[in-house]
Each structure stands twice: as structure tokens, then as C-alpha cells.
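Below, read A as the first sequence line, B as the second, and so on, with proteins coming before strands; counting in each chain starts at 1. Model, not experiment: these values are computed from the prediction.
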Amino acid sequence: MSEENNTPVYNQTTVSDSAKLSLKDLMIPLSIIVAGLFVGGGLYFGGGSTAPVAAVPAPNVPQQAAEQADNTAKVAEITAEDHIKGSLEAEIMIVEYSDFDCPFCSRFHDSMNQVVANDAEVAWVFRQFPLEQLHPQAPAVAAASECVAELGGNDAFWSFTDGYFAARGAGDSTPHNVLIPQLATSAGVSESTFSECFESQRTVELVQDDLNNAVETGGRGTPWSILIGPTGKTYPINGALPASAVEQLIEVARQEA
Amino acid sequence: MLRVFARVFRKPRYSIIAVVVALTVMGAALLLPNKNLLVEVLLSESINLYSKVNFTFSLLGSITTNFSVFSAFYLVLVAIMFGVNISLLIYYIRRRQGKRTDKKMHLANVGGMVSAIFGIGCMACGSIVLTAIFGVFGSGVFIAALPLHGVEFGLIGLLLLAFSIYYITKRTDDPLLCKID
């Protein structure tokens with residue numbers, strides 16, 4: 001065996017090496033920056049929303065529309081046909097696109113109930129945005145709520161809606177086919193007329209129209225809301241904000257008026 | 001491992017770095033869902049500074065409404081581990097400037113942090129970043145197809161972050177020697 005083979009081989013680290021930062025040492029900070037850029041880019045090119053996204057069956061709405069930065073001005077005009085808590089003439093309108101089976105919509109429902117209870121100049125408009133892929137029964141609940149509105153009016157709609165979110169928010173897992181008729185009759189709608197409406201599916205189109213408008217305005221998850229200020233300026237609200245944040249936004253909208 | 005933690009975080013600089021990084025991660029996760037709104041409010045000339053600050057802080061309250069118990073817990077955990085990871089990493093790099101660093105450690109670190117970012121989710125389901133990347137229609141399908149509906153990324157991220165912290169502390173504890181191959 002040669003002498004060369006018996007000679008231990010030492011690492012190439014030298015004193016002078018230790019005085020400078022190697023490229024490998026910079027790899028992690030660089031990787032973190034790249035990861036940050038990747039995340040930021042993803043968020044930016046994703047249309048600015050970080051809300052969770054369900055596959056929204058909205059074939060009539062080009063996807064490009066949803067990807068633009070701010071389409072909130074495309075919110076469908078608020079009319080007396082809408083489900084409104086508060087005055088149609090209120091200074092501030094908050095249009096919420098909601099999914100009955102989304103737990104975060106349930107929380108935002110509580111926030112909005114607080115907001116409208118504390119401020120008479122704020123009105124809350126409820127529109128449908130059922131995310132069928134996440135919550136398979138949500139479109140049916142939405143259609144049922146529209147039947148309740150058609151048969152019992154605005155107050156009956158809110159009685160049904162408040163009751164549904166309160167039940168689900170409290171962890172009530174009563175099956176849909178039991179809870180829905182229960183709440184409909186509690187809201188003052190007869191079970192037979194409700195069943196006739198629900199089975200006819202005549203309210204499905206109303207739900208689809210709301211859903212299309214939600215996507216068109218930039219909704220990418222639920223709850224998705226648009227605050228309309230005194231001047232008509234629109235502000236997007238992504239997700240379930242606490243009542244205090246909504247109230248702060250209302251103050252901001254008033255300052256901009 | 002605890003000895004390394006004590007050695008690193010005894011120095012206020014590294015504790016401050018960990019806290020700042022953790023708060024930044026948490027703040028970003030809480031504010032990003034409404035970044036368009038936030039930018040609009042912050043850039044508005046007709047809104048006073050007091051209202052801007054109040055509004056920004058009020059959005060942080062969304063951790064109670066916009067996150068499930070699991071995702072809020074996960075966010076806090078990831079933020080803390082992220083902060084600790086960065087702090088340990090800076091300590092390690094400064095201590096070993098010029099030395100060859102370990103490839104496995106690099107991979108664990110970057111992998112852990114990226115996976116954890118992917119795993120941070122809020123609202124109805126899944127991941128902030130995946131949502132942004134896969135767009136309106138693709139993400140729901142993708143997340144729904146996963147066995148745990150996107151929680152996988154969070155769990156992998158946590159494991160990698162934990163491994164990364166363990167590995168950095170282990171490497172930090174190694175004596176600075178020129179080893180014989």
C-alpha cells in the first residue's frame with residue numbers, strides 16, 4: 001500500500017475560509033426570500049384574495065372577471081326584493097354573500113347582527129353564495145331560504161336565517177331535511193306550501209343569480225361581503241371579521257364621504 | 001437541545017429576532033386576506049392616522065372569527081417555530097461563518113418553512129397560498145381531493161419545522177472542528 005493511501009485526508013477548511021461568508025451560508029436567507037416572493041407572488045397573481053376557494057359552479061361568469069383586483073362596484077343593485085336587515089335608505093349598506101353551511105359565515109352572521117343592532121344607519125343585505133363542493137347541502141338550504149322569503153316575506157327570511165345559523169353555530173347537527181322544515185314553519189310558513197315551493201325548485205335560479213354576482217364581484221370564498229359607503233364607494237370584506245373590525249371600516253367609510 | 005436554546009435565547013438579540021419574526025408571520029396571516037382593503041384604507045388621504053391604525057389592529061381580531069380552533073393554534077405554533085428557526089439559523093450562520101454548512105439542514109429548514117407557509121389556512125378550508133396559486137376553480141378541487149383536505153401541508157410543515165429546529169440545535173452544539181475524513 002502506498003504512503004499516499006495511508007495519509008489522512010483533511011477537510012479543506014482553512015483559517016481564511018472562516019473569515020468570509022460562503023455562498024452556501026447565504027442559501028438559506030436567499031431561499032427564505034425566494035419563498036417569501038413566491039408566497040407574495042402567489043397571493044398577488046391569485047387576485048389578492050387569500051380566502052379559501054371552493055369550486056364555484058358559475059359557468060356564466062368568466063373566470064377572468066374574478067381575477068381582477070377590484071370588481072366590487074359590480075355588486076348587483078340593492079332593491080326591495082333583497083333580504084335586508086335595516087333600512088333600504090341606510091347610509092351604509094353591507095352586502096354579504098353567504099353559505100348557510102359555512103361555519104365562518106355563522107360567526108360573521110353574529111358579527112353583522114351586532115353591527116346592525118348598534119347602528120341604525122347600517123343595513124345588511126343577505127345574498128346567497130353556497131359552495132357546493134365544500135358544503136353539498138348548502139344550495140338546498142339557500143333555495144329553501146328563498147322559498148321562506150317568497151312565502152313569508154323579509155321577516156320570515158331573517159327568522160329562518162338567524163335560526164339556521166344559531167343552530168349550526170351551536171353545534172346542532174339536526175339533519176337538513178328535519179331542520180329546514182322546522183325553521184320554515186317557525187318562521188310562519190305552512191309546511192305544505194313550503195314543500196311545494198322547495199320541490200318545484202323555482203328559487204334555484206335566484207340562488208344562482210346571487211352566486212354569479214358574488215363571483216363577478218370578486219368573491220372567492222365565504223363569507224364575502226361588500227360595504228357600500230355613503231358616497232357609493234365599495235370596500236371588499238374577505239372572510240369573517242369581528243364586529244369591531246366591521247365597525248372600524250364603517251367609520252373609515254364615513255370619513256371618506 | 002435545551003442547552004443550545006438557553007445559550008441562544010439568553011442573548012436578547014436572538015429573542016427579539018424570534019419574537020419579531022413570529023409576530024410578522026402572524027400579522028401577515030391575519031392581514032393578508034384583506035390586503036386590498038387594508039392598502040386602500042392605508043393609502044387614503046381622507047382617513048386620519050388614528051382610524052388607519054385602529055382599523056389595522058381591528059383586523060387582527062379576525063383570529064377569533066376567521067380561523068378554526070385548529071388553524072388558529074396551527075398559526076400560532078408555526079409563527080413561534082418560524083421565529084425560533086430563523087433565530088437559531090442566524091445564530092448558527094454567524095457562529096459558523098465560512099464553515100461548510102450541512103445540506104440536510106438547508107433542506108429541512110427551507111422545506112419546513114415553505115411547507116408551513118403552505119399549511120397556514122383560514123376560513124372555510126385549507127391553505128392561503130394554495131388558494132392563491134390554484135385560483136378560483138382549481139384550488140377547491142385540489143384541496144377537496146386531498147385525504148385531509150389541505151391539512152397535510154400543515155402537518156408536513158410542522159414536522160419539517162420541528163426537524164429543522166432539532167437539526168440546527170444539534171449542529172450548533174457540535175464543536176467547531178476540522179474533521180478527519
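- Applying the side chain to side chain contact (heavy atoms under 4.5 Å, CB included) test between B/Leu37 and each of A/Asp70, A/Asn238, A/Leu249, A/Val252 identifies A/Leu249 as the sole match.
- Nearest heavy atoms, A/Gln248 versus B/Ser51: OE1-O, 4.4 Å.
- The greatest number of non-hydrogen atom pairs below 4.5 Å with chain A, out of B/Asn48, B/Ile90, B/Val41, is found for B/Asn48.
- Of the atoms belonging to A/Glu256, heavy atoms from both backbone and side chain fall under 4.5 Å from chain B.
- Considering all non-hydrogen atoms of both residues, B/Ile47 and A/Gln255 come closest at CA-OE1, 3.2 Å.
- In this structure, B/Ser62 and A/Leu241 approach most closely via the heavy-atom pair CB-CD2, 4.2 Å.
- Scanning all heavy atoms of the two residues, the minimum distance from B/Ser58 to A/Pro242 falls at O-CG, 3.9 Å.
- Among all heavy-atom pairs drawn from B/Phe67 and A/Phe104, the shortest one is C-CE2, 3.6 Å.
- Nearest heavy atoms, A/Arg107 versus B/Thr64: NH1-O, 3.4 Å.
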